[in-house]
Visitor: 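Dropping the structure in here first, questions after.
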Amino acid sequence: MICTPLEERLRQIVATVFDTPADQVTPQTSRESLEPWDSLGHLVLVLELEQEFGVQLPPEHVQQLNSVAEIAQILETEYGVRA
Amino acid sequence: MISSPERADAAASAGSERRALPVHLRGAVDGALAAEDWPAALSRLKQLFYSSPSLGNAQFVSSRMARIRRDPELLTLRLAVARSFTVEPVLPLLEAAALLHDVRLEVLVGGFNTYAQDLLDPASGLYEFQPDVVLLAIQTRDIAPELWQDFPQQSETTVAQTVDRVLAVYRTWIGSLRSRSEAALILHNLELPAEPEMGVLDAQSSHGQMQTLQQLNIKLAALAREFPGVYVLDYDGLVSRSGRARFHDERKWLTARMPIAADCLWPLANEYLRFLLPLAGRVAKALVLDLDNTVWGGVLGEDGAEALQVDGEYPGAGFLALQRAVLSLYARGVILAIASKNEHDDAMAVLEHDPRMLLRPQHFAAHRINWNDKAQSLREIAEELNIGLDAIAFIDDSSVERDRVRQALPDVNVIELPADPMLHARALQDCPIFQRLSLSGEDRERARYYADQRRRREVHEASASLEDYLRSLETEVTMQAVQRRNIARVAQLTQKTNQFNLTTHRYTEAQIASMLDDAAIRVYEVSVKDRFGDSGVVGTAVTRASGPVTELDSMLLSCRVIGRGIETAMLAHIARHARERGARRLRGWFLPTRKNGPAQDFYRAHGFVVVDRRERGALWELDISGAVTDPPDWIRMQCDGAPET
């Protein structure tokens with residue numbers, strides 16, 4: 001598994017928020033593949049991302065954050081976050 | 001909102017320094033867990049969470065706490081939440097913080113906007129859950145939308161009707177809960193909008209939008225006071241402390257019914273803790289303070305007394321603010337003590353003589369000002385004050401000292417302080433373990449009693465003999481029939497006194513009150529004063545007369561005043577009083593417990609003989625037909641208002 005530094009950090013965040021072992025989270029991990037990542041879980045994850053990266057994510061972006069790779073992409077292109 | 005890349009960059013780079021700590025600490029926690037070093041794991045978890053109370057860290061704490069094997073009295077508190085918005089993201093923070101205080105929360109969240117049914121329907125899930133605490137979290141815009149928006153379109157009359165309607169429904173809900181459950185109720189008050197719809201004109205009107213909501217909140221608080229166990233949570237105050245403009249995330253309200261910005265979830269969770277921890281009895285009784293760079297700015301031993309910073313200027317004002325915050329805890333009954341690495345006499349001289357100090361030697365019940373390890377000092381202070389380490393909070397600007405204490409004494413509540421001294425007072429004020437939900441006169445005076453006690457000890461150590469010492473105290477004991485206003489205090493004494501207690505019978509307030517209607521029973525209250533101060537009501541006795549025999553049902557004395565002959569003075573009065581009412585014998589059980597050793601020789605020492613012996617204890621008897629014991633001559637006795645001869 002080759003991860004960018006940002007994806008690596010996001011894997012840790014996703015693993016912690018959903019209390020899942022980090023080695024089971026990959027850039028491809030998504031709302032479909034991870035059971036605790038339901039709609040309430042998604043809200044908690046978004047709030048954690050906002051705190052962690054000091055951003056506020058509007059609904060347009062919130063609905064695109066469907067996998068670790070997508071979160072990395074939005075954070076990078078829309079907010080200039082690198083790691 | 002931060003959305004421009006430059007600002008996100010700035011935030012992220014500021015964040016990367018903050019981040020280094022959690023990552024490092026999480027690793028340290030897992031390392032300690034692997035080594036089964038529970039105290040180290042626990043202390044790291046506390047440090048991690050209090051330095052960065054994020055949702056991720058909350059989940060981390062909860063998952064790791066489940067793996068720590070320790071043997072605390074983990075208390076379970078059942079919390080039912082009736083709400084009008086999505087509170088769920090607050091709960092992981094609340095649960096993690098509660099776990100760090102040895103409280104396991106079991107939470108039931110009611111349906112979305114079903115709060116009225118939850119409270120009114122006796123068959124609702126809320127009542128079935130049998131909660132210890134109910135939280136009623138309703139927003140202004142849900143319960144009184146006409147006061148939140150479209151206010152200008154309404155007449156004074158319709159506004160008044162809305163206010164009455166809101167108060168009436170709260171009264172019905174509270175009444176319904178009170179008739180069905182003994183759970184404590186925490187009630188959000190109503191938030192004011194960020195901006196009144198009429199702008200600056202609103203403040204000029206006698207019936208403006210803001211004033212209407214403020215008055216509604218005052219009436220809501222008055223309503224809550226009518227019921228026992230109902231507490232108002234000043235939600236509007238919380239929003240305003242956090243910053244009205246920054247508290248909300250309107251987009252999340254519209255998309256997920258979650259109105260609170262990510263950064264403000266923790267302040268709300270902490271506000272809930274300020275109620276839940278006192279309800280669970282998890283509070284700090286004492287605060288132990290460092291001196292250098294905590295109570296005053298600068299290092300006394302290096303900078304000298306003149307150079308210490310504590311005044312109305314920068315940065316001395318930060319230290320002064322901390323002293324003021326500490327004094328407000330003292331006024332709540334929090335006992336104060338010092339653990340400082342300093343020359344004892346130099347430090348005391350500053351506290352005594354520096355005119356800028358607000359904290360003075362008489363505020364402190366114990367001090368360890370020496371060069372010893374602070375963990376050792378804290379252990380000694382706990383012993384001296386006769387309280388558990390878990391009842392102690394410790395404040396110190398040095399992260400090294402804090403870490404040392406966290407590691408050595410994981411039960412002590414170490415307060416995490418930001419580096420900037422201007423923020424220290426706020427950190428102390430935010431700390432939920434100093435909150436009290438009610439305050440008796442005794443509570444208010446407690447910190448002073450303990451401080452007086454230290455001065456007594458100092459005189460004791462300087463006195464040649466015990467009797468000289470006791471004489472020098474000028475003790476005055478007042479013993480009389482319990483006064484109505486002291487019934488609660490007397491009941492509390494029967495519930496809490498373990499050491500000098502002959503029978504350890506526990507009584508509730510209602511039981512004590514009903515004894516007053518029985519002519520054969522006499523309940524005494526005993527208060528003690530001396531030249532160092534007034535200790536208030538510290539003892540009680542209950543007697544039951546039946547013909548020639550008066551039975552001593554209970555007799556106890558707080559450990560604050562034992563060993564001064566007060567029990568002899570009490571016995572003298574009880575015996576004399578029983579004889580006046582025709583009794584010839586005084587009888588009483590001694591029922592041994594693990595803790596009442598200090599009372600075991602009481603009967604023997606006062607001439608009683610054993611007349612019955614059972615497995616649970618012995619019955620002792622004293623002939624009072626002739627002369628009875630006198631109070632010790634160093635005690636001045638007042639009985640029912642008049643000095644006894």
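In what follows, every chain begins at residue 1, and chains take the letters A, B, ... in the order their sequences are listed.
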Visitor: Which residue, A/V17, A/L49, A/L47, A/T16, forms the side-chain contact (heavy atoms from CB on, under 4.5 Å) with B/L55?
Guide: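 The residue from A/V17, A/L49, A/L47, A/T16 that satisfies side-chain contact (heavy atoms from CB on, under 4.5 Å) with B/L55 turns out to be A/L47.
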Visitor: Check whether any side-chain heavy atom of B/R251 lies under 4.5 Å from a side-chain heavy atom of A/Q56, and answer yes or no.
Guide: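 In contact.
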Visitor: Quick one: side chains of residues 104-113 of chain B, donor-acceptor pairs under 3.5 Å with protein atoms, not counting sequence neighbours, listed by atom name and distance.
Guide:
residue, atom, partner, partner atom, Å
B/E106, OE1, B/R78, NH1, 2.8

Visitor: With a 4.5 angstrom heavy-atom cut-off, is it the side chain or the backbone of A/L57 that approaches chain B, or both, or neither?
Guide: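 For A/L57, backbone heavy atoms alone lie under 4.5 Å from chain B.
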Visitor: Tell me, side chain or backbone of A/I13 under 4.5 Å from chain B's heavy atoms, or both, or neither?
Guide: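 For A/I13, neither part sits under 4.5 Å from chain B.
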Visitor: Carefully, step by step, assess B/K252 and A/E50 under the rule salt bridge (charged side-chain N to carboxylate O under 4.0 Å, His left out).
Guide: CA-CA 12 Å; B/K252 287 208 183 50; A/E50 290 186 334; 2.6 Å; yes
Visitor: Between CD of A/E60 and OG1 of B/T255, what distance do you get to the nearest 0.5 Å?
Guide: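 The CD atom of A/E60 sits 9.5 Å away from the OG1 atom of B/T255.
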Visitor: In residues 63-71 of chain A, which residues are in contact with chain B at a heavy-atom separation under 4.5 Å?
Guide: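 Under the 4.5 Å heavy-atom cut-off, nothing qualifies.
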Visitor: With a strict 4.5 Å heavy-atom criterion, list every residue of residues 257-269 of chain B that contacts chain A, or say none.
Guide: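 Expected list: B/M258, B/I260, B/A261, B/A262, B/D263, B/L265.
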Visitor: Any residues in residues 81-93 of chain B near chain A, with a heavy-atom distance under 4.5 Å, and which are they?
Guide: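 Heavy-atom contacts from residues 81-93 of chain B to chain A are B/T86, B/E88, B/P89.
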Visitor: Non-hydrogen atoms of chain A under 4.5 Å away: do they reach the side chain of B/S54, the backbone, both or neither?
Guide: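 B/S54 touches chain A through backbone and side-chain heavy atoms alike.
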Visitor: If you count the non-hydrogen atoms of other residues, nucleotides and ligands that lie under 6.0 Å from CD in A/E35, is the total more than 12?
Guide: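 Counting neighbours around CD of A/E35, 12 or fewer heavy atoms of other residues, nucleotides or ligands fall under 6.0 Å, so no.
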